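Reviewing the structure listed below.
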Amino acid sequence: MDNLFMSRAIQLSIDNVESGQGGPFGALVVKDGSVVAEAVNQVTSNNDPTAHAEVMAIREACRKLGVFDLAGCELYTSCEPCPMCLGAIYWARLSHVYFAGGAADASAAGFDDSNIYREFALSGAQRQIPMDQIMRNEALAAFHAWVSKSGKIAY
């Protein structure tokens with residue numbers, strides 16, 4: 001069954017390239033042996049740098065299931081997830097991820113995320129895009145409000 005789902009993710013990635021709609025990436029969210037959502041990379045077609053196949057599949061699965069927690073679901077993706085998608089996978093609490101192509105394969109095709117991984121280790125001031133923390137004390141008001149709020153939906 002895994003091969004069937006992965007074959008579909010790979011075919012989605014190929015179809016996406018052939019259609020001219022986006023990059024060579026496809027993904028499926030599967031629950032209890034059934035496809036809940038499938039998606040392709042839509043970065044250029046949507047003018048949205050976050051519209052990676054994995055993120056789009058996660059969004060659609062959450063919408064269809066009416067949840068923000070995909071525990072019990074698996075992700076099949078045509079390529080090893082990038083740092084952004086990896087973050088989304090952890091936030092969505094997917095139970096398992098299967099990927100076909102590796103990060104090195106994506107890099108060889110022009111999709112290199114190694115600079116992002118290197119940036120994580122640097123302080124904000126040392127990054128390619130400088131990051132400075134300002135107004136922290138004022139921002140803490142939102143966290144204090146959250147901590148003291150009753151009846152909140154924890155995530």
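The structure displayed is predicted, hence computed values, not measured ones.
Counting all heavy atoms, side chain and backbone alike, Gly26 lies closest to Leu12 at CA-CB, 4.1 Å. Closest non-hydrogen pair, Pro81 versus Leu86, comes out as CB-N, 4.1 Å. Taking every heavy atom of both residues into account, Val17 and Gly23 meet most closely at CG2-C, 4.1 Å. When every heavy atom of Ala27 is checked against every heavy atom of Leu75, the shortest pair comes out as CB-CD1, 4.1 Å. Contact detail for Cys79 and Gly102: the closest heavy-atom pair is SG-O, 3.7 Å. Closest approach of Trp146 and Ala154 over heavy atoms only: CZ2-CA, 4.3 Å.
For the residue pair Gln126/Ser123, the side-chain donor-acceptor check at 3.5 Å is satisfied. Residues Ser95 and Glu74 bring no donor and acceptor atom of their side chains to less than 3.5 Å of each other. A donor and an acceptor atom, one from each side chain of Glu119 and Tyr117, are nowhere located under 3.5 Å apart.
In this structure, the separation between CD on Glu54 and CG on Asn41 is 8.5 Å, given to the nearest 0.5 Å. Residue His96 holds its NE2 atom at 11.0 Å from CD1 of Ile89, rounded to the nearest 0.5 Å. A distance of 11.5 Å separates SG in Cys82 from CG in Asp112, rounded to the nearest 0.5 Å. Summarising the geometry, atom CD1 belonging to Ile116 is positioned 9.5 Å from atom CD belonging to Gln128; distances are rounded to the nearest 0.5 Å.
Put simply, Leu28 and Tyr98 are part of the same group of oily side chains (I, L, V, M, F, W, Y) that touch within less than 4.5 Å, one to the next. Tracing side-chain contacts under 4.5 Å through hydrophobic residues (I, L, V, M, F, W, Y), one never reaches Trp91 starting from Phe99; they form parts of separate clusters. Under a hydrophobic-cluster definition in which Ile, Leu, Val, Met, Phe, Trp and Tyr are linked whenever side-chain heavy atoms come within less than 4.5 Å, directly or via other members, Phe68 and Val55 are assigned to different clusters. With hydrophobic clusters built from ILVMFWY side chains whose heavy atoms lie under 4.5 angstrom apart, Val40 shares a cluster with Tyr76.
Within the structure, side-chain hydrogen bond (donor to acceptor under 3.5 Å, both in side chains) contacts touching residues 10-31 (residues at least two apart or in different chains) are Gln11-Asp15.
Between Val36 and the options Val30, Leu65, Leu70, a side chain to side chain contact (heavy atoms under 4.5 Å, CB included) holds for only Leu65.
Residues passing the salt bridge (Lys or Arg N to Asp or Glu O under 4.0 Å) test with Glu80: none are found, sequence neighbours excluded.
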Could you check Asp32 against Ser34 for side-chain hydrogen bond (donor to acceptor under 3.5 Å, both in side chains), going step by step and ending with a plain yes or no?
CA-CA 6 Å; Asp32 299 326; Ser34 296; over 6 Å; no

Going through the distances and angles, do Val43 and His52 end up as a side chain to side chain contact (heavy atoms under 4.5 Å, CB included)?
CA-CA 6 Å; Val43 169; His52 290 200; 3.6 Å; yes

Criterion side chain to side chain contact (heavy atoms under 4.5 Å, CB included) on Met56 and Glu60, from CA distance to verdict:
CA-CA 6 Å; Met56 301 301 285; Glu60 182 63 12; over 6 Å; no

Just do the side chain to side chain contact (heavy atoms under 4.5 Å, CB included) check on Val29 and Val35 with the steps written out, would you?
CA-CA 6 Å; Val29 173; Val35 175; over 6 Å; no

Test ring-ring contact (aromatic ring centres under 6.0 Å, His included) on Phe111 and Phe25; report intermediate values, then the result.
CA-CA 11 Å; Phe111 299 92; Phe25 305 99; 4.9 Å; yes

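Of the possible polar contacts, one joining the Ser148 side chain to the His144 backbone as a donor-acceptor pair under 3.5 Å is found. Checked by atom type and distance alone, the side chain of Asp69 pairs as donor or acceptor with a backbone atom of Ala71 at under 3.5 Å.
Counting heavy atoms of neighbouring residues, nucleotides and ligands inside a 6.0 Å radius, atom NZ of Lys149 does not exceed 12 of them.
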